[in-house]
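As structure tokens, the structure follows; a few thoughts come after it.
Throughout, numbering of the chain's residues begins at 1 and tracks the sequence.
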Amino acid sequence: MAAPAIYGSVTTAAIVCHDTAALSQPLRLRFPSLDNCSTRIRYPLAPPTSAAICYNNAALSLPLRLRPSLLDKRSTSIRFPSAPPTMPGSRVQCKAGADASFADLRTGIAEFYDESSGVWEEMWGEHMHHGFYELPPPEKLLEHRDAQIRMIEEALSFAAVSEEDFKKPRRVVDIGCGIGGSSRYLAKKYGAHVQGITLSPLQAQRASAITASQGLSDKVAFQVADALDQPFPDGQFDLVWSMESGEHMPDKEKFMQELVRVAAPGGSIIIVTWCHRDLLPGETSLQPSEQELLDKICGAYYLPAWCSTADYARIAQALSLQNIKTADWSENVAPFWSAVIRSAISWRGITGLLKSGWKTIKGAFAMFLMVKGYKQGLIKFAVITAQKPA
């Protein structure tokens, strides 16, 4: 079997079929440089059938069982979305990190979720966030979509949000609502009116469509809006909900100020977000190798500079919030990343990635970096809750 000819220095996955034969052949790729991205892989006329994912000078080989009906009989090349001149992590290309302007970040975030939300929904459904798992993990894990619901319930429980009729939240805002999974869940649970905001027009449109299909349009609404400049009057919401959106906020103090502003007196604020580790006594910054890893992740997910859980707690204290609580749920979400990676490198995941575009492919690559950060203790999955004074 002839070896494939590889053009460029990196690719996500290659799939080929010859004479309708479904073959499975692992392929391992290594590249000396990742500066020049590949947009094409071309095979000889009698190609092997395989997939390979390569990133950061590491290779992951994946044998595929292909369904020939989905492919041309004599496919000899796979073309990928146009690749940028630099890989994820470059502040110049991705315009993420501490040097990015707010406008660059807003544009990048909106485009990223416009591209990727459809793939995520197809693979994981309406909830675009981590799942929560028991510790130690049982032999048979909770179904991952059930674990996502568990995450919502654990956050509500941690914040001690009441379910009593005269105390439960009646008005809720979902900051960074995705396609509305949390919004609809909270509306059903509490009978509340929920307003979701997102930077992605596609997400807002899809969230509204799903909500209408479930007969909840009288309870739940969505709009495109900036979490740092929310289009709501002061003191409107009994529950301010931010599930994995805080990491996108370029100004954490302004973000928290807006959450407090729109919260009603006595209202609950819940933030579930990615953070970096708390600094040790005597440290003034992360180690250079740690910052380098975070910068690469920022480039893929359009994130600004990270902060720690302790930073959030200090901001909450400065804003005179009450009942401030924090927790590290990194171990509780660990099983979710392996599940997401398995889904991304499945046949269904790979085809979805290729259809969605380069921004989504960059995000898929960055999953391996996220796992690395979690294992190093650098990345923390944090929950921060507080109440606005009555």
Heavy-atom pair of closest approach, residues Ala187 and Lys219 = CB-CB, 4.4 Å

Return the minimal non-hydrogen interatomic distance between Ser245 and Ile175, and the atom names on each side.
-> OG-O, 3.0 Å

Salt-bridged, Asp238 to Arg170, with N to O below 4.0 Å?
-> no

Can a salt bridge be assigned to the pair Glu258 and Arg261 using a cut-off of 4.0 Å between side-chain N and carboxylate O?
-> yes

Do Leu156 and Tyr190 come close enough that some side-chain heavy atom pair is under 4.5 Å?
-> yes

Charged N to carboxylate O under 4.0 angstrom, Asp226 versus Arg106?
-> yes

Side chains of Thr107 and Asp104: is there a donor and an acceptor less than 3.5 Å apart?
-> no

When you look at CD of Gln205, are more than 12 heavy atoms from neighbouring residues, nucleotides or ligands closer to it than 6.0 Å?
-> no

Any side-chain heavy-atom pair from Leu321 and Val260 closer than 4.5 angstrom?
-> yes

Check whether any side-chain heavy atom of Gln387 lies under 4.5 Å from a side-chain heavy atom of Ile269, and answer yes or no.
-> no

Mind checking whether Phe112 and Tyr302 have parallel, tilted or perpendicular rings, split at 30° and 60°?
-> tilted

Heavy-atom side-chain proximity of His248 to Trp274 below 4.5 angstrom | no

Just by distance, do the side chain of Gln230 and the backbone of Ala227 share a donor-acceptor pair under 3.5 Å?
-> yes

Can a donor-acceptor pair be found between the side chains of Arg277 and Ser308 at a distance below 3.5 Å?
-> no

Step through it carefully: locate the ring centre of Phe132, locate the ring centre of Trp329, and say whether they are under 6.0 Å apart.
-> yes

Report, as yes or no, whether the 6.0 Å neighbourhood of atom NZ on Lys167 holds more than 12 heavy atoms from other residues, nucleotides or ligands.
-> no

Checking side-chain hydrogen bond (donor to acceptor under 3.5 Å, both in side chains) for the pair Tyr374/Glu331: CA distance, chi angles, key distance, verdict?
-> CA-CA 9 Å; Tyr374 274 124; Glu331 293 297 320; over 6 Å; no

In terms of ring plane angle, is the pair Phe336 and His130 parallel, tilted or perpendicular, where the classes change at 30° and 60°?
-> tilted

Derivation and outcome, side-chain hydrogen bond (donor to acceptor under 3.5 Å, both in side chains), residues Arg206 and Ser117 = CA-CA 9 Å; Arg206 181 61 183 149; Ser117 294; over 6 Å; no

Lys/Arg N to Asp/Glu carboxylate O, Glu164 vs Lys168, below 4.0 Å | no

Report yes if some heavy atom in the side chain of Val240 is under 4.5 Å from a heavy atom in the side chain of Lys388; otherwise report no.
-> no

Is there a donor-acceptor contact under 3.5 Å linking the side chains of Ser200 and Asp114?
-> yes

Heavy atoms from other residues, nucleotides or ligands near CD of Gln223 exceed 12 (cutoff 6.0 Å) | yes

Hey, is NZ on Lys375 packed in by over 12 heavy atoms from elsewhere, all under 6.0 Å?
-> no

Is it true that atom CD of Gln322 has more than 12 heavy atoms of other residues, nucleotides or ligands lying nearer than 6.0 Å?
-> yes

Any donor-acceptor N or O pair under 3.5 Å, side chains Trp306, Glu247 = no

